[in-house]
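Reading through the C-alpha cells given below for one structure.
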Amino acid sequence: MLCFGHRGAKGHAPENTIRSIIKGLELGVDWIEIDVFYIDGHLVVFHDETLERTTNGRGFLRDKTFSFLRSLDAGEGERIPTLQEVLDAIAGRAGLNIEIKGDNAASAVVNLIQDRARSGWGIDSFLVSSFNQREIARVRQLDQRVRIGVLLDGFPNCYPAIVDTVSAYSVHQNIEHIDELFIADAHALGLKVFAYTANHPQEIRRMSTLGVDGVFSDYPERVLSIRNSL
Ligand code: G3P
Ligand code: MG
C-alpha cells in the first residue's frame with residue numbers, strides 16, 4: 001500500500017508549503033500530493049479558492065497577481081510555493097501527484113513534466129489528477145504518457161467514460177465511498193485505487209484490509225507504521 005503525503009504532511013506543517021513537503025520526505029512517503037492552480041501565468045501550489053484559511057491574505061486567489069500571492073505568509077513564515085520549487089525540493093526522492101484545481105493549468109503542468117522528464121525524472125514519477133474532467137482530458141491530449149488519476153467523491157455515472165477518455169492509471173476516491181465492490185470494479189477496469197484522506201489508524205487499517213493500492217494521509221508516519229506492522 002503506497003503512502004501519499006497529503007498536501008506534503010499537512011498534519012505536521014502548513015499544508016502545500018515546502019516545509020510540509022520536506023516533512024513528508026523526512027517521514028519517508030512514497031509520493032507527495034499537492035494542489036495546483038494556474039494564476040497570473042504561474043503554477044501555484046494552493047488548495048482553496050480563497051486565501052483566508054491558510055494565509056494572512058483575503059479574497060479570491062484568482063483575482064490576485066503572482067507577486068502579491070508570493071508576499072503572503074502561508075503559515076510559519078512559509079510562502080506559497082510554485083510547482084517548480086516543489087519539484088526542486090523533492091529532487092527525485094518521491095513521486096509527485098499534482099492535483100489540478102481550477103481551470104487552464106493542464107498545459108503548463110504538462111510542459112513542466114516534459115521538461116523534468118527530459119532532465120532525468122522518470123515520467124512515472126508523476127501522477128496528474130483532478131476533479132476537473134476537462135483538465136485531465138487536456139493533459140491526455142497533450143501527452144499520451146503521463147499517468148492520470150480520476151478524482152471522485154462518490155459514484156458519478158460518467159466515471160467509466162472519463163476513465164476511458166483519459167486512459168486513466170488510477171482512481172482516487174474518498175474513503176467514505178470505498179468498499180469491496182468499488183475496489184473490485186476499479187481493479188476490473190485496470191485502475192489502481194488510491195484513497196483519500198485516511199488519518200485515523202482505524203481508517204488506515206480498514207483501507208489496508210480492503211486492499212486499496214495507496215492512501216493519502218496528513219500523517220504519513222501512521223500509514224508507514226501500519227504497513228510495516230503487517
Ligand atoms: O488528491 C486527494 C485529495 O487531496 C483530494 O481532495 O480537497 O484534499 O484536494 P482535496
Ligand atoms: Mg488535493
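Read the numbers this way: they start at 1 and go in the same order the structure lists the ligands and their atoms.
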* Verify side chain to side chain contact (heavy atoms under 4.5 Å, CB included) between E180 and L210, making sure each step is shown before the conclusion. => CA-CA 6 Å; E180 288 90 346; L210 281 169; 3.6 Å; yes
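- Protein atoms that are N, O or S and lie under 2.8 Å from the Mg ion (ligand 2) are these: E33 OE2, D35 OD1, E99 OE1.
- Considering all non-hydrogen atoms of both residues, L51 and F68 come closest at CD1-CE2, 4.1 Å.
- The only member of E15, K10, R7 that meets side chain to side chain donor-acceptor pair (under 3.5 Å) when paired with H47 is R7.
- Remark: F4 pairs with W31, F194, F216 by the ring pair (Phe, Tyr, Trp, His ring centres under 6.0 Å) rule, at least two apart or across chains.
- Sorted by first and then second residue, the salt bridge (Lys or Arg N to Asp or Glu O under 4.0 Å) pairs involving residues 64-74 (not counting sequence neighbours) are R70-E85.
- The backbone N or O of F182 sits less than 3.5 Å from a side-chain atom of D179, completing a donor-acceptor pair.
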Show the distances, to 0.1 Å, for all pairs joining an N/O atom of ligand 1 and a protein N/O atom that are shorter than 3.5 Å, listing one pair per line.
{"from": "ligand 1", "atom 1": "1 (O)", "to": "E33", "atom 2": "OE2", "distance (Å)": "2.9"}
{"from": "ligand 1", "atom 1": "1 (O)", "to": "E99", "atom 2": "OE1", "distance (Å)": "3.0"}
{"from": "ligand 1", "atom 1": "4 (O)", "to": "H6", "atom 2": "NE2", "distance (Å)": "2.8"}
{"from": "ligand 1", "atom 1": "4 (O)", "to": "E33", "atom 2": "OE2", "distance (Å)": "2.8"}
{"from": "ligand 1", "atom 1": "4 (O)", "to": "E99", "atom 2": "OE1", "distance (Å)": "3.2"}
{"from": "ligand 1", "atom 1": "7 (O)", "to": "H47", "atom 2": "NE2", "distance (Å)": "2.8"}
{"from": "ligand 1", "atom 1": "8 (O)", "to": "H6", "atom 2": "NE2", "distance (Å)": "2.9"}
{"from": "ligand 1", "atom 1": "8 (O)", "to": "R7", "atom 2": "NH2", "distance (Å)": "2.8"}
{"from": "ligand 1", "atom 1": "9 (O)", "to": "D35", "atom 2": "OD1", "distance (Å)": "3.1"}
{"from": "ligand 1", "atom 1": "9 (O)", "to": "H47", "atom 2": "NE2", "distance (Å)": "3.2"}
{"from": "ligand 1", "atom 1": "9 (O)", "to": "E99", "atom 2": "OE1", "distance (Å)": "2.8"}
{"from": "ligand 1", "atom 1": "9 (O)", "to": "E99", "atom 2": "OE2", "distance (Å)": "3.4"}
{"from": "ligand 1", "atom 1": "9 (O)", "to": "K101", "atom 2": "NZ", "distance (Å)": "2.9"}

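- Around CZ of R58, the count of heavy atoms belonging to other residues, nucleotides or ligands within 6.0 Å does not exceed 12.
- In this model, no donor atom of one side chain and acceptor atom of the other lie less than 3.5 Å apart for T65 and D40.
- Closest approach of V139 and V110 over heavy atoms only: CG1-CG2, 3.8 Å.
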